[in-house]
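Have a look at the structure below before the remarks.
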Amino acid sequence: MINAKYIFKKIFFLTAIYCLLTTVFGCESFTRKFTRKSKKSDAAVEMVLAPEEYKGPNMTKEEIYRQYYLYWSSWHDELINALTQKLSLKKKVDCAQEALKNLVNMKMMLLADAQKNFDSEIAKLNDLLDCIKSDLYGANDSRNLRAAERIKASIHRGFIYPKIRNYLK
């Protein structure tokens with residue numbers, strides 16, 4: 001019985017080595033088998049002769065104003081959240097800058113007499129941005145938070161679409 005076990009192990013071992021050698025050396029030469037094959041690109045790139053300008057979706061003035069208002073509101077909420085949670089200075093400054101950018105875009109959509117009312121809100125937000133930039137360690141976050149909430153309430157009160165729709169350009 002011991003002899004049969006030994007013979008079985010020897011046959012299994014020789015079979016495994018034979019399979020390993022045939023897969024390694026196989027049909028192709030050893031170096032060709034394990035070298036990386038180059039990738040050939042047969043797809044020809046079409047040359048653009050007359051570029052077309054993307055005009056974007058056709059939106060009404062109402063939709064554009066509402067979109068800017070929504071963007072401003074989202075960024076302002078994010079600013080308030082950053083001030084509440086005492087997040088990094090970079091996050092606070094980015095949120096304030098994006099809110100200011102969208103507020104300016106909202107202003108540009110209004111007639112000249114309505115833009116004057118917007119100037120005070122933009123100035124307040126600009127002052128808040130300067131205060132945030134100068135507060136490197138977040139010592140005045142609670143004061144800046146109260147100012148941001150006052151600005152948000154003021155803009156929500158005076159510049160929602162139903163109140164401003166007659167002043168759109």
Side-chain angles (χ1 to χ4, degrees), residues 23 31-169:
T23 57
T31 55
R32 257 190 291 152
K33 193 168 192 175
F34 291 105
T35 55
R36 186 175 294 200
K37 292 164 181 63
S38 63
K39 295 181 180 178
K40 296 178 183 174
S41 174
D42 294 335
V45 177
E46 233 180 85
M47 189 167 40
V48 177
L49 299 176
E52 295 179 22
E53 185 176 328
Y54 178 68
K55 297 191 182 357
N58 293 331
M59 295 172 57
T60 64
K61 294 174 189 176
E62 171 193 351
E63 291 171 332
I64 295 171
Y65 183 83
R66 285 179 186 244
Q67 187 176 28
Y68 283 138
Y69 185 83
L70 178 66
Y71 290 159
W72 164 81
S73 181
S74 298
W75 279 108
H76 206 86
D77 288 341
E78 191 75 23
L79 172 63
I80 290 172
N81 187 29
L83 289 168
T84 303
Q85 295 181 2
K86 299 189 182 294
L87 296 179
S88 69
L89 177 66
K90 184 176 188 258
K91 177 71 172 175
K92 295 174 204 172
V93 169
D94 285 346
C95 292
Q97 286 174 341
E98 288 296 321
L100 184 63
K101 181 180 79 170
N102 287 300
L103 202 59
V104 168
N105 288 339
M106 286 168 54
K107 175 188 168 189
M108 292 299 137
M109 297 194 64
L110 300 176
L111 296 173
D113 56 340
Q115 284 185 3
K116 293 175 188 172
N117 298 336
F118 239 93
D119 288 336
S120 65
E121 301 303 327
I122 291 175
K124 289 177 192 174
L125 191 55
N126 223 349
D127 291 342
L128 177 62
L129 177 61
D130 292 339
C131 289
I132 291 172
K133 282 182 180 177
S134 66
D135 186 23
L136 297 177
Y137 299 109
N140 297 324
D141 277 352
S142 59
R143 184 171 47 112
N144 292 338
L145 176 63
R146 285 191 305 273
E149 288 172 344
R150 279 194 302 269
I151 292 169
K152 182 178 179 179
S154 174
I155 293 174
H156 275 304
R157 200 172 33 250
F159 296 102
I160 58 173
Y161 179 74
K163 288 187 178 181
I164 212 80
R165 76 172 144 229
N166 297 331
Y167 298 104
L168 288 177
K169 285 184 185 179

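Computed from a prediction, not measured in an experiment: that's the story for all the values here. The basis for the numbers below is simple: all heavy atoms, side chains too, and nothing from hydrogens, waters or symmetry mates.
The closest side-chain heavy-atom distance from M109 to K169 is not below 4.5 Å. The side-chain heavy atoms of D94 and K90, taken from C-beta on, include a pair separated by under 4.5 Å. Taking the side chain as every heavy atom from C-beta outward, S73 and H156 approach each other to under 4.5 Å. Using a 4.5 Å heavy-atom cutoff, the side chains of D141 and K92 are in contact. Counting only heavy atoms from C-beta outward, the side chains of L129 and N126 approach each other to under 4.5 Å.
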Q: Go through the steps for N81 and Q85 under the test side chain to side chain contact (heavy atoms under 4.5 Å, CB included), then give the verdict.
A: CA-CA 6 Å; N81 187 29; Q85 295 181 2; 3.0 Å; yes
Subject >> Steps toward side chain to side chain contact (heavy atoms under 4.5 Å, CB included) verdict (Q97, K133) >> reply: CA-CA 11 Å; Q97 286 174 341; K133 282 182 180 177; 3.7 Å; yes
Discussion item. Please determine whether side chain to side chain contact (heavy atoms under 4.5 Å, CB included) holds for the pair Y69 and I164, giving the CA-CA distance in whole Å, both sets of side-chain angles, and the decisive distance to 0.1 Å.
Written reply: CA-CA 11 Å; Y69 185 83; I164 212 80; over 6 Å; no
Between I132 and L79, does the side chain to side chain contact (heavy atoms under 4.5 Å, CB included) criterion hold? Intermediate values first, please. CA-CA 10 Å; I132 291 172; L79 172 63; 3.8 Å; yes
Would E63 and R66 count as a salt bridge (charged side-chain N to carboxylate O under 4.0 Å, His left out) here? Give the steps. CA-CA 5 Å; E63 291 171 332; R66 285 179 186 244; over 6 Å; no
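For the residue pair Q115/D119, the side-chain donor-acceptor check at 3.5 Å is not satisfied.
Taking Y68 as the reference, nothing meets the ring-ring contact (aromatic ring centres under 6.0 Å, His included) condition, with sequence neighbours excluded. Residues passing the side-chain contact (heavy atoms from CB on, under 4.5 Å) test with V104, sequence neighbours excluded: M108, I122. Residues that satisfy the ring-ring contact (aromatic ring centres under 6.0 Å, His included) test with F159, not counting sequence neighbours, are F118.
Taking NZ of K107 as the start and CH2 of W72 as the end, the distance is 16.0 Å to the nearest 0.5 Å. Interatomic distance, K124 NZ to I155 CD1, rounded to the nearest 0.5 Å: 8.5 Å. From L128, atom CG reaches atom CZ of R143 across 9.5 Å, with rounding to the nearest 0.5 Å. Interatomic distance, D77 CG to T84 OG1, rounded to the nearest 0.5 Å: 10.0 Å. With values rounded to the nearest 0.5 angstrom, N140 atom CG is found 12.0 Å from L145 atom CG.
Sparse packing is recorded around NZ of K61, with 12 or fewer heavy atoms of other residues, nucleotides or ligands lying under 6.0 Å away.
The existence of a salt bridge linking E149 and K152 is excluded, since no basic side-chain nitrogen approaches an acidic carboxylate oxygen closer than 4.0 Å. The pair K91-E78 counts as a salt bridge, with a side-chain nitrogen and a carboxylate oxygen less than 4.0 angstrom apart.
Aromatic ring centres of H76 and Y71: separated by at least 6.0 Å.
No donor-acceptor pair under 3.5 Å is formed between the side chain of S154 and the backbone N or O of R150.
Residues D135 and L89 come closest through the heavy atom pair O-CD1, 3.8 Å. Of all non-hydrogen atoms in A114 and Y167, the two that sit nearest each other are CB-CB, 3.7 Å.
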